[in-house]
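Written below as structure tokens is the structure these notes are about.
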Amino acid sequence: MPSTVIIGGFFGDEGKGKIISYLALHDKPTIVVRGGAGPNAGHTIKDDDKTYKVRMLPSGFLNKEAKVMIGPGVVVNPEVLLKEISDFGVEGRAFLDNNCGIIEQSHREKDSQGRLKEKIGSTGSGTGPANAERAMRTLKMAKEIDILKSYIIDVPLEINSALDRKENVLIEGTQGTHLSLWHGTYPFVTSKDVTASGICADVGIGPKRIDDVIVVFKSYLTRVGTGPMPGELSAEETSQKGWEEFGTVTGRLRRAAEFDFDLARRAIMLSSANQISITKLDVRFPKCAGVKSIDDLEDDAKSFIKNIEEKLGVPVTLIGTGPHIDDVIDIRA
Ligand code: IMP
Ligand code: MG
């Protein structure tokens, strides 16, 4: 499909990065563009023996033919961005918008102590304080930063022109629906709206130009940081189930719970999702590891997927069955 937006349906860390990198390689978008808050998001991508931890660039960078862009709604840490451009070898095809906000040392300091750190459990990346300053109209913009000059482009114009030429554009969300500043479990949320509409506004594409909205749910629920979490398991129960995970950005142990249909239903409603992606099916059902066809899933896993489709009324089109990019069952029409 020409334009696809991918968002998280729970509290972030649903495994979007893996699904996005699969789509970037498989659907051959000419542009992969990132919306969302900032470097508070971490995506982990495994390609053969390499593991990439991405905080600023879009996760679709493994497609070497694609341009990767960061939309104006995102706040950027220039050091993290430049390091990723160099480490991941994307020099020459990585861009950010004139109006991306800039995170400075003072924002990171404010984010690593006091109420934000202790009550909200923020990632300490400076994202929230930078967005607060943006609302005050005092934040620096990317166009004011010399070392970023050669990477600056008009992102909304680029993606809308690509769509005019009937090219594919992949729009990448970060965090998860229930961390949205508007729709999440306030005040235990991030500093932006991260539903599909918010992500589209971040990159500068209007609601009528979106063809597909894919919401990503993990096979179980995790949450890093504070805030309510229905049916939260103890650390011991989490480990017994094999659902133990550690944060990409902060290294913190993620809290875990059973798949939550109420949260999922609301995420679908808020973003008008027309497709569901389920990740980490192999963590729930180890026999599914590496399976590429729906027919080869064991019966329990098949019923788990069928139950999700029936209860939520939206088709499951992409299923993650392992950490590698091609560990995906792709059942899109
Ligand atoms: P902040 O976005 O760093 O201000 O953190 C606010 C809350 O959102 C904290 O509970 C964080 O752990 C959580 N959070 C922010 N970004 C992500 C993410 O990408 N994945 C998971 N949790 C996140
Ligand atoms: Mg993450």
Side-chain angles (χ1 to χ4, degrees), residues 6-21 34-46 51-59 70 73-77 80 84 101 103 107-135 172-195 198-199 202 216-218 220-229 232 243-257 263 267 277 279-280 320 323:
I6 300 170
I7 54 140
F10 288 147
F11 295 103
D13 308 314
E14 296 91 356
K16 293 181 289 299
K18 205 294 268 290
I19 295 297
I20 292 162
S21 35
R34 174 160 168 165
N40 51 350
H43 292 157
T44 305
I45 303 157
K46 287 197 177 141
T51 300
Y52 301 93
K53 289 190 184 291
V54 190
R55 290 176 57 196
M56 282 286 24
L57 283 175
S59 305
I70 303 175
V74 180
V75 291
V76 167
N77 177 327
V80 175
E84 288 184 5
I103 299 176
H107 304 124
R108 285 192 294 278
E109 277 162 21
K110 275 190 199 126
D111 207 16
S112 311
Q113 54 185 301
R115 182 177 173 279
L116 282 176
K117 186 87 223 159
E118 279 137 37
K119 178 164 180 194
I120 311 298
S122 70
T123 58
S125 59
T127 304
N131 277 321
E133 247 208 68
R134 191 194 280 227
E172 171 173 337
T174 59
Q175 282 84 31
T177 300
H178 301 282
L179 288 176
S180 162
L181 181 60
W182 301 161
H183 305 288
T185 53
Y186 187 91
F188 307 102
V189 293
T190 192
S191 49
K192 294 279 298 290
D193 175 33
V194 289
T195 61
I199 298 299
D202 286 341
V216 183
F217 300 122
K218 193 153 57 183
Y220 46 94
L221 205 61
T222 60
R223 179 165 198 165
V224 61
T226 54
M229 186 176 191
E232 182 170 355
W243 296 353
E244 221 166 28
E245 294 180 9
F246 295 89
T248 306
V249 176
T250 56
R252 291 178 290 190
L253 176 66
R254 292 179 183 151
R255 302 152 64 198
L263 292 178
S277 172
T279 60
K280 301 214 179 185

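Excluded from the calculations below are hydrogen atoms, water molecules and symmetry mates; all remaining heavy atoms, backbone and side chain alike, are included. Atoms within each ligand, like the ligands themselves, are counted from 1 in listed order.
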Subject >> the Mg ion (ligand 2) neighbourhood, protein N/O/S only, threshold under 2.8 Å >> reply: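 Within the sphere that stays under 2.8 Å of the Mg ion (ligand 2), the protein atoms of type N, O or S are Asp13 OD1, Gly42 O.
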Residue, atom name and distance, where the atom is the protein heavy atom closest to [atom]:
atom	result
atom 9 (C) of ligand 1	Gly121 O, 3.2 Å
atom 5 (O) of ligand 1	Ser122 CA, 3.3 Å
atom 22 (N) of ligand 1	Val224 CG1, 3.4 Å
atom 6 (C) of ligand 1	Val189 O, 3.3 Å
atom 19 (O) of ligand 1	Ala41 CA, 3.1 Å
atom 21 (C) of ligand 1	Asp13 OD2, 3.0 Å
atom 3 (O) of ligand 1	Thr123 OG1, 2.7 Å
atom 8 (O) of ligand 1	Leu179 CD2, 3.8 Å

Measuring from [X]:[atom1] to [Y]:[atom2], what's the distance to the nearest 0.5 Å?
X	Y	atom1	atom2	result
Phe10	Thr222	CZ	OG1	9.5 Å
Ile6	Ile199	CD1	CD1	11.0 Å
Asp13	Thr174	CG	OG1	10.5 Å
Tyr220	Arg254	OH	CZ	8.5 Å

**OP:** Go through the steps to decide whether Arg55 and Thr123 satisfy the test side-chain hydrogen bond (donor to acceptor under 3.5 Å, both in side chains), and finish with yes or no.
**Re:** CA-CA 12 Å; Arg55 290 176 57 196; Thr123 58; over 6 Å; no
Donor-acceptor under 3.5 Å ([X] side chain, [Y] main chain):
X	Y	value
Glu172	Pro58	no
Lys192	Gly73	yes
His178	Leu263	yes

Subject >> Polar contact flag, side-chain donor to acceptor under 3.5 angstrom, Ser191-Arg134 >> reply: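 There is no such pair between these side chains.
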Original post:
Can you tell me if Thr248 and Thr44 form a side-chain donor-acceptor pair at under 3.5 Å?
Top reply: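 Per modelled atom types, Thr248 and Thr44 side chains form a pair under 3.5 Å.
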Original post:
Strictly under 4.0 Å, does any heavy atom of Ile120 approach an atom of ligand 1?
Top reply: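 Judged by the 4.0 Å heavy-atom criterion, Ile120 does count as contacting ligand 1.
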Subject >> Partner of Ser59 under side chain to side chain donor-acceptor pair (under 3.5 Å), chosen from His43, Lys18, Lys16 >> reply: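 So the option named by the test is His43.
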Atom pairs and distances, donor-acceptor, side-chain atoms in residues 114-121, under 3.5 Å, two or more places apart:
{"residue": "Lys117", "atom": "NZ", "partner": "Ser122", "partner atom": "O", "Å": "2.9"}

**OP:** Select the closest option to atom 16 (N) of ligand 1 among Arg223, His43, Gln175, Glu14, judged by heavy-atom distance.
**Re:**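 It is Gln175 that holds the nearest heavy atom.
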Original post:
Got an N/O contact under 3.5 Å between Thr190 and ligand 1?
Top reply: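 Looking only at distances, the answer is yes, because the N/O contact criterion of under 3.5 Å is met.
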Subject >> Per-residue contact class, Phe11 against ligand 1 - non-hydrogen pairs under 4.0 Å >> reply: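 Backbone only.
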Subject >> Arg55 and ligand 1 - part of the residue with a heavy-atom distance under 4.0 Å >> reply: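 Neither part.
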